[in-house]
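Note sheet for the following structure.
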2 protein chains.
Amino acid sequence: MASLGELERAVMDLLWAGHEAATANTLRDLLAQTTAAHGGAAGHEGKDLAVTTVLTVLSRLEKKGLVERERGMRPHRYQAVSSREDHTAELMHEVLGSAPDREAVLARFIGSVTESEAETLRKLLGHS
Amino acid sequence: MASLGELERAVMDLLWAGHEAATANTLRDLLAQTTAAHGGAAGHEGKDLAVTTVLTVLSRLEKKGLVERERGMRPHRYQAVSSREDHTAELMHEVLGSAPDREAVLARFIGSVTESEAETLRKLLGHS
DNA sequence: TTGAAGTTCTACGTCGCGTAGAAAACAACG
DNA sequence: CGTTGTTTTCTACGCGACGTAGAACTTCAA
């Protein structure tokens, strides 16, 4: 239950962008930004999204546990539950988790990371 | 375009099981095994699958590039294109690939692998 | 030739997702 | 308090993916 649709991803991108800054996003902000980002992408030229469309997507993302909504304030505030990096790492674990031979998968996996990434990994694993 | 449905996964599990042994799978084999494995799972008790059902799934998996079909022999032979481990590792790369800050994701990722897996990674990364 | 096994084509129901209208809830203003 | 503009909820349609399978065509063996 992890994969995102195109619009869902566009919205998450916005929310993730504001995650570090702990930005409280209102629907209006998101609508404007989403219309720009999503509409600007290939195949979606000039497509002005309806307010309810973004709302629906936000609700679905909330149900999926990716978005948290503060209902206290009147224009509700929407924000990503976790950072993009955390989410992606978690996704990787989900993918890996479904494998019987995790170590074999890891072997293949690190066989195709860039050298700089391998270096990063060495540093992070360094001190046992 | 990577995620698999429940039945698709069940079939892939069978094909992956035979991948190492380079086993050539006929439809009959798969039908029998799938009915056992899939039907035995939770929520699918005693569900006897139709031959065409498995065939359809195999066709879809073929279209997705996960299954290869030898059309030479009369009962066609079906087999997984790559091992489960390779496929899973590739999936992990797909997930990782969509991240702007790959190294940050990797940091989170290795932060939550088991110690034995970390050990394996150290070995694999050991000598640059 | 005939029949069983295998394969192709087509299709239906469900569900997730993009999309949005209708209506209800609400806040602010006169 | 009633009118009005904003925000949220409810409901729904179309499409594509997937589980499921019937109907019909192909092929091989007896």
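Naming convention: chains lettered A, B, ... in sequence-line order (proteins, then strands); numbering from 1 in each chain.
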Problem set entry | side-chain contact (heavy atoms from CB on, under 4.5 Å) partner of L15(B), the single match among L66(B), T23(B), L58(B), V81(B) |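 That would be L58(B).
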Exercise. Does anything in residues 13-34 of chain B pair up under salt bridge (Lys or Arg N to Asp or Glu O under 4.0 Å), and if so which pairs, sequence neighbours excluded?
Worked result: D13(B)-R84(B)
Is [X] close enough to [N] that one of its side-chain N or O atoms is under 4.0 Å from OP1 or OP2 there?
| X | N | answer |
| --- | --- | --- |
| R71(A) | dT9(D) | yes |
| Y78(A) | dT7(D) | no |
| R74(B) | dA4(C) | no |
| H76(B) | dG6(C) | no |

Exercise. Quick one: do R102(B) and E117(A) make a salt bridge, cutoff under 4.0 Å?
Worked result: yes
Exercise. Are any non-hydrogen side-chain atoms of M12(B) and E8(B) less than 4.5 angstrom apart?
Worked result: no
For this session: Taking the side chain as every heavy atom from C-beta outward, state whether L91(A) and H87(A) have any atom pair closer than 4.5 Å.
Result: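 With C-beta onward as the side chain, the pair touches.
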Tell me: [atom1] of [X] to [atom2] of [N], nearest whole Å?
| X | N | atom1 | atom2 | result |
| --- | --- | --- | --- | --- |
| N25(A) | dT8(D) | CG | P | 12 Å |
| L27(A) | dA25(C) | CG | P | 19 Å |
| M73(B) | dA5(C) | CE | C1' | 16 Å |
| K63(A) | dT8(D) | NZ | P | 17 Å |
| L61(A) | dT19(C) | CG | P | 14 Å |
| L55(B) | dA5(C) | CG | P | 15 Å |

Exercise. Is there a chain of hydrophobic side chains (I, L, V, M, F, W, Y, each step under 4.5 Å between heavy atoms) that links F109(A) to L124(A)?
Worked result: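 Result: yes, single cluster for both.
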Exercise. Can you find a side-chain donor-acceptor pair between R69(B) and S59(B) that sits under 3.5 Å?
Worked result: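 Result is yes, a qualifying pair exists.
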For this session: Measure the CZ-OG1 distance between R108(B) and T88(A) for me, rounded to the nearest 0.5 Å.
Result: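 Spacing of CZ (R108(B)) from OG1 (T88(A)) equals 9.5 Å.
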Exercise. Just wondering, are more than 12 heavy atoms of other shown residues or ligands nearer than 6.0 Å to CD in E103(A)?
Worked result: yes
Exercise. In what stems does DNA chain C take part, counting only runs of at least 3 consecutive Watson-Crick or G-U pairs whose two distances fall under 3.5 Å?
Worked result: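 Counting only runs of 3 or more consecutive pairs, the stems involving DNA chain C are C:1-30 with D:1-30.
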Seminar exercise, completed: Per-nucleotide protein contact along nucleotides 13-21 of chain D, 5' to 3', at a 4.0 Å heavy-atom cut-off (B base, S sugar-phosphate only, - neither), is -----BBBB
